[in-house]
Amino acid sequence: MKYQAPRGVKDLLPPESETFRLLEEEISALFALSGFREVRLPIFESAALFSRSIGESTDIVEKEMYLFEGKGGERLALRPEGTASLLRAAIEHRLAEPGRTTRLSYQGPMFRHERPQAGRLRQFHQAGAEILGTNDPDTDADLIAMVSRYAEKTRIPGSTLLINSMGCEACRPAYRTRLVAYLEDHKNTLCETCLRRTATNPLRVLDCKVEGCQAVLEAAPPLTEFLCASSRDHFDSVCRGLADQSIPYTLSHRLVRGLDYYTETAFEWVSDALGSQSTWAAGGRYNGLVSSLGGPDIPGVGLAIGIERLHLLREKAATLPLPTDPPVMIALHPLDEASRGYIHRILSSLREENISAVGLFGQSRLKKAFVSAEREKARYIGLAGEDERESNTLTIKDLATGVQKTVPAFPAASLADLLRTGWGAES
RNA sequence: GUGAGUGUAGCUCAAGGGCAGAGCACUGGACUGUGGCUCCAGGGGUUGGGGGUUCGAAACCCCUCACUCACCCCA
């Protein structure tokens with residue numbers, strides 16, 4: 001085989017490509033129902049945008065970005081996530097202003113150079129929703145509710161909502177100092193990565209899964225005990241907002257998001273039905289991010305759903321959205337050479353009436369035409385020979401029931417109606 | 001980036017040093033205006049690639065590539 005897809009990228013083929021699209025449409029509708037308006041963003045940006053927003057010392061920026069150079073020498077990167085792009089666009093086009101709430105969503109491919117694995121690809125898809133302009137905790141709760149309700153309704157198997165507070169610019173530094181001190185005290189029992197992170201990104205140490213570190217980290221001072229009054233208050237309000245709506249959640253004082261920009265609320269939905277990549281949606285608040293990207297001082301909160309992971313889960317739950325229409329409504333077969341033109345006319349007029357139709361040209365025998373029609377997943381086969389041509393009719397047969405009729409081919413609108421509504425079980 | 005497992009026909013898999021096979025799928029025919037069934041025939045392969053051991057390698061050894069899963073990381 002001469003060419004094959006690069007490592008970690010996947011061709012989406014029918015029928016998955018179709019259910020995948022339906023899933024994306026379902027998510028768009030979900031976001032729209034909560035007032036989000038969709039933006040279409042470029043899939044590459046200035047590389048600096050991501051290192052600034054995601055954080056210089058994160059794995060994503062350090063080793064997972066697809067970097068390339070523009071003709072003018074600019075450093076560009078395929079986007080590894082959506083929030084940075086969305087905020088860049090919001091700032092650039094002044095979509096968000098202080099004091100006003102703006103809800104925006106996006107959807108599309110993201111790129112990270114990682115080792116592929118179950119539920120992890122180098123090109124994957126995310127759908128995200130961001131609320132800019134308000135720091136009200138009920139906004140967080142409402143955003144979380146949107147996804148939790150969706151998980152409930154679509155019966156995502158084994159889904160749990162984890163939630164934590166990361167504190168704000170005021171209280172996190174104090175905690176960081178305290179945590180570093182604690183980690184220094186236990187540096188003999190920590191793994192190499194943790195030691196490095198103690199210096200570069202101490203909060204991420206809490207996320208370590210190495211067994212030897214677990215005991216130390218369990219006993220580490222929890223961030224939530226160091227929250228300042230306003231962060232404490234914010235977090236309590238979010239939790240109360242969830243409880244008020246009877247949304248189940250699990251406090252996870254070790255939950256730390258992998259991107260540096262999060263403040264206050266952090267949350268993620270995990271499922272035990274997903275293999276080792278258990279997170280299928282995640283998000284948090286990022287109050288300092290807009291201003292650090294050069295915009296006004298606007299708070300924000302957002303989340304992203306991993307579409308492939310969601311697809312896997314919905315497949316397991318057997319709740320994937322399925323196409324309602326057959327791929328092809330009718331397949332038309334000319335019974336003799338002279339009827340080819342007649343078939344062309346009917347094809348065009350049916351398509352004009354929004355009926356999907358294919359021509360079965362090149363089938364020498366009627367039997368093969370039937371086989372082809374079935375292969376096209378057509379609901380009906382339409383036959384025309386000398387008789388039909390002379391009477392301006394078409395012989396149509398329902399391939400599932402075997403019921404057959406010869407009906408007028410024109411006007412196409414009435415033929416289209418007949419095909420759409422069917423004709424019941426009459427013989 | 002690290003580790004393990006797996007690569008044989010379009011698909012699922014046999015053959016474990018001695019003729020590369022089966023089922024399904026595909027093509028043609030029995031069957032020239034009525035399908036799904038059946039029967040007959042046929043096309044398909046440098047056994048992922050390269051090197052080595054051997055009289056002989058799909059099989060054993062080395063290298064390489066890919067896939068899968070896990071570590072890591074994250075959606």
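Treat the numbers as computed from the prediction; the structure is a model and nothing was measured. Sequence lines set the chain letters: A, B, ... in the order given, protein chains first and strands last, and positions in each chain run from 1.
Atom C1' of nucleotide B:A75 and atom CD1 of A:Ile60 are separated by 9 Å, given to the nearest angstrom. The CD-P distance, from A:Glu62 to B:C74, rounds to 11 Å in whole Å. Between the CG atom of A:Leu313 and the C1' atom of B:A75 there is a distance of 11 Å, rounded to whole Å. The interatomic distance linking A:Arg112 (CZ) with B:G1 (P) rounds to 18 Å, in whole Å. In this structure, A:Leu335 places its CG atom 19 Å from P of B:C31, rounding to the nearest Å. Rounded to an integer number of Å, the gap from A:Glu114 CD to B:G3 P is 19 Å. Taking atom CG on A:Asp336 and atom C1' on B:U32, their separation rounds to 12 Å, with Å as the unit. In this structure, A:Arg120 atom CZ and B:U68 atom C1' are separated by 13 Å, rounded to whole Å.
Side-chain proximity of A:Ser276 to B:G33, B:U34, B:C71: nearest is B:C71. When distances run from any side-chain atom of A:Arg7 to the nucleotides B:G35, B:A66, B:C69, the shortest one goes to B:A66. Set against B:U34, B:A75, B:C73, the side chain of A:Gln404 has B:U34 as its closest nucleotide. Here the nucleotide nearest the side chain of A:Asp59, chosen from B:C67, B:C73, B:C74, is B:C73. When distances run from any side-chain atom of A:Thr279 to the nucleotides B:A75, B:C73, B:G1, the shortest one goes to B:A75. Checking B:G33, B:A70, B:A75 against every side-chain atom of A:Thr395, the shortest atom distance belongs to B:G33.
Distance check on atom C1': B:G43 versus B:U2 gives 46 Å, rounded to whole Å. With both ends at atom C1', the span from B:A14 to B:G33 equals 45 Å, rounded to whole Å. The gap from the P atom of B:G7 to that of B:C11 amounts to 14 Å, rounded to the nearest Å. Between the C1' atoms of B:A25 and B:U64, the separation comes to 33 Å (whole Å). The gap from the C1' atom of B:A4 to that of B:G35 amounts to 50 Å, rounded to the nearest Å. Comparing B:G44 with B:C24, their C1' atoms are spaced 15 Å from each other, to the whole Å. Rounded to a whole angstrom, the distance from the C1' atom of B:C61 to that of B:U53 is 7 Å. Distance check on atom C1': B:C60 versus B:G23 gives 30 Å, rounded to whole Å.
Of the charged side-chain nitrogens involved, at least one lies within less than 4.0 Å of a carboxylate oxygen, so that A:Arg149 and A:Glu152 count as a salt-bridged pair. Under the 4.0 Å criterion applied to side-chain N and carboxylate O atoms, A:Arg389 and A:Asp336 are assigned as salt-bridge partners. Salt bridge present: A:Arg88 and A:Glu45 bring a charged side-chain N and a carboxylate O closer than 4.0 Å. Ionic pairing of A:Lys10 and A:Glu16 is not present here: no N-O contact between side-chain nitrogen and carboxylate oxygen is shorter than 4.0 angstrom. At a threshold of 4.0 Å, the pair A:Lys377-A:Glu374 does not count as salt-bridged, since none of the basic side-chain nitrogens sits closer than that to a carboxylate oxygen.
Here A:Gly128 lies out of heavy-atom contact (under 4.0 Å) with every strand. A:Gly283 comes within 4.0 angstrom of nothing in the nucleic acid, heavy atoms only. Across all strands, A:Glu81 comes closer than 4.0 Å to no nucleic acid atom at all (heavy-atom distances). Within 4.0 Å (heavy atoms only), A:Ile54 reaches no atom of the nucleic acid at all. Residue-level contact check: A:Leu303 touches neither bases nor backbone, having no heavy atom under 4.0 Å from any strand.
Base pairing annotation: B:U54 forms no Watson-Crick or G-U wobble pair, as no partner gives both donor-acceptor distances under 3.5 Å. Pair assignment for B:G44 gives none, since no Watson-Crick or G-U wobble pairing has each distance under 3.5 Å. Remark: B:C11 base-pairs with B:G23; criterion is Watson-Crick or G-U wobble with both hydrogen-bond distances under 3.5 Å. Nucleotide B:C37: unpaired (no Watson-Crick or G-U wobble partner with both distances less than 3.5 Å). Using the Watson-Crick or G-U wobble rule with both distances under 3.5 Å, B:U68 pairs with B:A4. Of all nucleotides present, none satisfies the Watson-Crick or G-U wobble test against B:C73 with each distance under 3.5 Å.
Heavy atoms of other residues, nucleotides or ligands lying less than 6.0 angstrom from CZ of A:Arg254 number more than 12.
Side chain of A:Ser159 to main chain of A:Ile156: no donor-acceptor pair is present (N/O by atom type, distance under 3.5 Å, no hydrogens or angles).
Considering A:Arg172, A:His234, A:Met166 as possible partners of A:Thr263, the one that fulfils the side-chain contact (heavy atoms from CB on, under 4.5 Å) test is A:Arg172.
Between B:C74 and A:Arg204, a contact under 4.0 Å exists linking OP1 or OP2 to a side-chain N or O. Between A:Gln277 and B:C74, a side-chain N or O to OP1/OP2 separation shorter than 4.0 Å is absent.
If you check the side chains of A:Glu388 and A:Thr393, you find no donor sitting under 3.5 Å from an acceptor. There is no side-chain donor-acceptor pair under 3.5 Å between A:Trp269 and A:Thr160.
With hydrogens and angles ignored, a donor-acceptor pair closer than 3.5 Å exists between the side chain of A:Gln117 and the base of B:C72.
Residue whose closest nucleotide on RNA chain B sits further toward the 5' end, between A:Pro6 and A:Ala281: A:Pro6.
Base orientation of B:G16: syn (glycosidic angle within 90° of 0).
Contacts of residues 365-391 of chain A with RNA chain B (heavy atom under 4.0 Å): A:Arg365, A:Leu366, A:Lys367, A:Lys368, A:Phe370, A:Glu374, A:Arg375, A:Leu383, A:Gly385, A:Glu386, A:Asp387, A:Glu388.
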Report task. Just do the side-chain hydrogen bond (donor to acceptor under 3.5 Å, both in side chains) check on A:Ser252 and A:Asn164 with the steps written out, would you? Result -> CA-CA 6 Å; A:Ser252 171; A:Asn164 192 23; over 6 Å; no
